[in-house]
Amino acid sequence: MRSRNPVFSRRGFSRDNGYAGFNTAPQAGGPAVATQGNPYAQPSGDQYAQNPYAQNPYAQQDLQYGAPPQAPATTGRMTIDDVVLRTASTLGVLILTAALSWALLPIDDANISRSYGIGIGAALIGMVLAFVQSFKRKASPALILTYAAFEGVFLGVVSNIVDNRIADGAAMQAVIGTMAVFTGVLIAYKAGWIRVNRRFYGFVMAAALGFILLMTVNLLFAVFGGGDGLGFRSGPLGIVFGVIGIILGACFLALDFKQVEDGVAYGAPREEAWLAAFGLTLTLVWIYLEFLRLISILNSSD
């Protein structure tokens, strides 16, 4: 059963019709996509086994002639433009609330505790909303945008604190680093240097699970034992784990790009573009926070 955790599942498309998976689009006259061992594939005897969106009425015309799935400008089917527009909307809300929290929540000695508490509260609300969306059967634009708003409040407060109290200019450096990773992974993916398949997916999921478990253990030691816990988020180990976190975020971007590509190719419903925007936003927030943490560690060790 596929995880619906917003971090681990990477938001597959159209749960009612199946999962796009990590197989390339079937070619005309080519062999059928293998289904053995793939919990998301339909039985090989099913006429829809190669296309998880085959029951989508907008996809029927392509399948009648055995042609590889295309992404025509038919109303109701997801396009790259839909994904770009919804991702821009989601990130726009996040950036707006981040800027407002930066400007309106002071971090001087008298107010930093209150502002930090508001930021942590917003982060917890955002986490709950992310989990609610991950368990919903369909995308909820209002829920996704509300998540982005609360996540933006948290990012604004944390970025302001790090930028003004730990490392001057850290927020802009983290933004530039995040943009560089996004651009680099996109170029590598489009050029075919990154091949996303089930082996890649399994490796990334296993690595992410181990990473999060280690960070959770470190946090528990820090809460109950004081200090920096096991030291995974400070000093030389903190630098190593910060780099690992950024690499994992880059791998998640590749998974997101693959799922967007499959969704467009297989004719996913247009509303699935919100799930794509949600997944990309989660990944970009992950990468930004890892950059911010890494910059903080590097400056504190000077």
Side-chain angles (χ1 to χ4, degrees), residues 6-14 19-28 30-31 33-34 38 40 50-53 58-59 62 67-74 77-92 94-95 139 174-205 207-208 243-270 272-288 290-291:
V7 173
F8 291 140
S9 69
R10 309 317 307 152
R11 311 308 309 156
F13 293 112
S14 190
Y19 179 69
F22 299 103
N23 298 305
T24 56
Q27 300 297 317
V33 177
N38 182 356
Y40 310 117
Q50 296 187 52
N51 185 355
Y53 301 108
Y58 304 108
D62 290 338
Q70 302 296 322
T74 306
R77 296 178 67 171
M78 186 177 80
T79 66
I80 291 295
D81 288 342
D82 293 329
V83 176
V84 171
L85 178 61
R86 286 152 180 77
T87 302
S89 299
T90 305
L91 290 176
L94 186 148
I95 293 170
V175 169
I176 294 173
T178 302
M179 294 173 61
V181 170
F182 179 88
T183 304
V185 174
L186 180 60
I187 292 173
Y189 181 82
K190 297 299 291 183
W193 301 337
I194 300 176
R195 298 185 65 85
V196 178
N197 49 35
R198 281 181 289 175
R199 180 177 297 179
F200 180 90
Y201 175 84
F203 171 79
V204 174
M205 293 303 104
V243 173
I244 292 174
I246 293 171
I247 293 174
L248 281 175
C251 292
F252 279 135
L253 274 178
L255 297 182
D256 290 331
F257 293 154
K258 175 61 176 175
Q259 291 189 344
V260 170
E261 183 180 57
D262 285 349
V264 172
Y266 285 119
R270 174 168 289 173
E272 300 287 345
W274 279 109
L275 290 181
F278 181 53
L280 285 167
T281 301
L282 286 170
T283 301
L284 292 173
V285 168
W286 170 303
I287 295 172
Y288 174 81
E290 289 299 327
F291 265 116

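Index from 1, following the sequence.
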### Query
Is there a side-chain contact between Phe203 and Cys251 (heavy atoms, below 4.5 Å)?
no
### Query
Can you tell me how far the CG atom of Leu280 sits from the CZ atom of Phe182, to the nearest 0.5 Å?
6.5 Å
#### Entry: Closest contact, heavy atoms only, Trp286 versus Gly249
NE1-N, 3.8 Å
### Parallel, tilted or perpendicular, as decided by the 30° and 60° cut-offs, for the rings of Phe257 and Tyr189
tilted
### Task
State, yes or no, whether a side-chain contact exists between Lys258 and Arg195 at a heavy-atom distance under 4.5 Å.
no
### Query
Is there side-chain contact between Leu91 and Leu284, with heavy atoms separated by less than 4.5 Å?
yes
### Message
Rounded at 0.5 Å granularity, tell me how far CG in Leu85 sits from CD1 in Ile80.
### Response
12.5 Å
### Query
Could you give the distance from CH2 (Trp274) to OG1 (Thr87), rounded to the nearest 0.5 Å?
8.5 Å
### Query
What's the spacing between Leu255 CG and Ile194 CD1 if we round to 0.5 Å?
9.5 Å
### Minimum heavy-atom distance between Met78 and Pro269, given as atom pair plus value
CB-O, 3.6 Å
### Separation of Glu272 CD from Asp82 CG (nearest 0.5 Å)
11.5 Å
### Message
What's the separation between atom OG1 in Thr281 and atom CZ in Phe278, rounded to the nearest 0.5 Å?
### Response
8.0 Å
### Message
My understanding is that only one of Val196, Val185, Thr283 makes a side chain to side chain contact (heavy atoms under 4.5 Å, CB included) with Asp256; could you say which?
### Response
Thr283
### Message
With heavy-atom distances below 4.5 Å as the criterion, would you say the side chains of Phe291 and Val175 are in contact?
### Response
no
#### Entry: Taking every non-hydrogen atom, the tightest pair across Met205 and Phe252
CE-CE2, 3.2 Å
#### Entry: Min side-chain heavy-atom separation Leu253-Ile287 under 4.5 Å
yes
